[in-house]
*Asks:* 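Here it is, the structure, as structure tokens.
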Amino acid sequence: KLVFLQGIFSVFVLIVLHLRGANIFESVFIYILIPIITFAPLTLRITKKAFGANKKVIINWRLVMTNAARFWGLTALSSVYLGADYFFAARYLSDVEITAYHFSSRLFFISYVAYFSYVQFQAKGITAELHLKHPQRIWMVAKGAAGIGILSVGLVLVSAIGIERSGALEIIGARDLVVTPLILLATLYYGARVFRDIGLVLIWNLGRQRLLYAVHAIEVILCLLLLKLLAPGFYRDWE
């Protein structure tokens, strides 16, 4: 319910900002503020329940802050990796090209939601102890999520091709929204991400933070280096 409310709130705010106009800093600040506002009542309720109990709550704040900092670092590294392409897109692509690029990325994000939500739900019971006693259960979750992911990516690809050939985009004046090379590249990217995302969720649940940091660090380094080398050439080929 909270995620649904956050989505409705986000769309409403974006419409308001679009109609009245807003600079980039104001837009980013407000958009970041939306999830904070949405989840604030639940956070306050939990805090009140914890500190309002008759028994004194003993909290190891050092442990809490240490764990929070570790997971924040993982999230920050993941965000750099997932958002680096938009930095280079803004550097090398025109407004029309950025729109087509963003549409391709967001369209295939539908496939990501399908398998990622599944693996998150199924991986709730996966722990280091389960890995030692029943490793086959982890493989069952991984195989099921991989099957859903590949199927979802394929369905999105077929849908994108169908949208392009139907002529529907020309009717609404968005003929350049679907670019075939971008759709094919997005298919390869999100197809590879199926296995990457599933692996990271399972590693996260097993508590292997150091391994996660190593994987994310390698991703960020390779991502930035390859984009630096390949983005200029890709831009020239597009033109």
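Residues: numbered from 1 along the sequence shown.
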*Asks:* If you count the non-hydrogen atoms of other residues, nucleotides and ligands that lie under 6.0 Å from CZ in R106, is the total more than 12?
*Replies:* yes

*Asks:* F71: what forms a ring-ring contact (aromatic ring centres under 6.0 Å, His included) with it, not counting sequence neighbours?
*Replies:* W204

*Asks:* Give me the other members of the hydrophobic cluster that V158 sits in, counting Ile, Leu, Val, Met, Phe, Trp and Tyr linked by side-chain heavy atoms under 4.5 Å, directly or via other members.
*Replies:*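 None; V158 is a cluster of one.
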
*Asks:* Would you say the side chain of Y190 lies within less than 4.5 Å of the side chain of S105, judging by non-hydrogen atoms?
*Replies:*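 S105 reaches Y190 side chain to side chain.
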
*Asks:* Using the salt bridge (Lys or Arg N to Asp or Glu O under 4.0 Å) rule, collect all pairs that involve residues 186-195, keeping only residues at least two apart or in two chains.
*Replies:*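 Those involving residues 186-195 are R193-D197.
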
*Asks:* Residues two or more places apart in sequence or in another chain: which of them pass side chain to side chain contact (heavy atoms under 4.5 Å, CB included) with V13?
*Replies:* F9, L17, I30, I34

*Asks:* Going by the rule side chain to side chain contact (heavy atoms under 4.5 Å, CB included), which residues pair with L5 if we only count those two or more places apart in sequence or in a different chain?
*Replies:*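 Partners of L5 under the side chain to side chain contact (heavy atoms under 4.5 Å, CB included) test: T38.
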
*Asks:* Heavy-atom count check: over 12 atoms from other residues, nucleotides or ligands less than 6.0 Å from F39 CZ?
*Replies:* yes

*Asks:* What distance do I218 atom CD1 and Y213 atom OH have between them, rounded to the nearest 0.5 Å?
*Replies:*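 Going from the CD1 atom of I218 to the OH atom of Y213 covers 15.0 Å.
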
*Asks:* Clusters formed by hydrophobic residues whose side-chain heavy atoms approach within less than 4.5 Å: which one holds M140, and what are its other members?
*Replies:* none

*Asks:* Once rounded to the nearest 0.5 Å, what's the spacing between atom CG of L212 and atom CG of L77?
*Replies:*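 It is 10.5 Å, given to the nearest 0.5 Å.
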
*Asks:* Can you list the residues that meet the side chain to side chain contact (heavy atoms under 4.5 Å, CB included) rule with V215, with sequence neighbours excluded?
*Replies:* L200, L211, E219

*Asks:* Could you list the cluster mates of F4? Members are the ILVMFWY residues connected by side-chain heavy atoms closer than 4.5 Å, either directly or through other members.
*Replies:* I8

*Asks:* Scan for salt bridge (Lys or Arg N to Asp or Glu O under 4.0 Å) pairs involving residues 62-90, sequence neighbours excluded, and state none if there are none.
*Replies:*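 Output for this query is empty, none listed.
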
*Asks:* Taking salt bridge (Lys or Arg N to Asp or Glu O under 4.0 Å) as the cut-off, I'd like each qualifying pair that reaches into residues 31-44, sequence neighbours left out, listed once.
*Replies:*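 Found none.
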
*Asks:* Can you find a pair of side-chain heavy atoms, one from L224 and one from Y81, that are under 4.5 Å apart?
*Replies:* no

*Asks:* Using only atom types and a distance under 3.5 Å, with no angle test, would you say the side chain of S117 pairs donor to acceptor with the backbone of V113?
*Replies:* yes

*Asks:* Looking at residues at least two apart in the chain, or sitting in another chain, which of them share a ring-ring contact (aromatic ring centres under 6.0 Å, His included) with Y112?
*Replies:* F109, Y115, F116

*Asks:* Taking only residues two or more places apart in sequence, or in another chain, which ones meet L225 in a side chain to side chain contact (heavy atoms under 4.5 Å, CB included)?
*Replies:*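 Residues passing side chain to side chain contact (heavy atoms under 4.5 Å, CB included) with L225: I221.
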
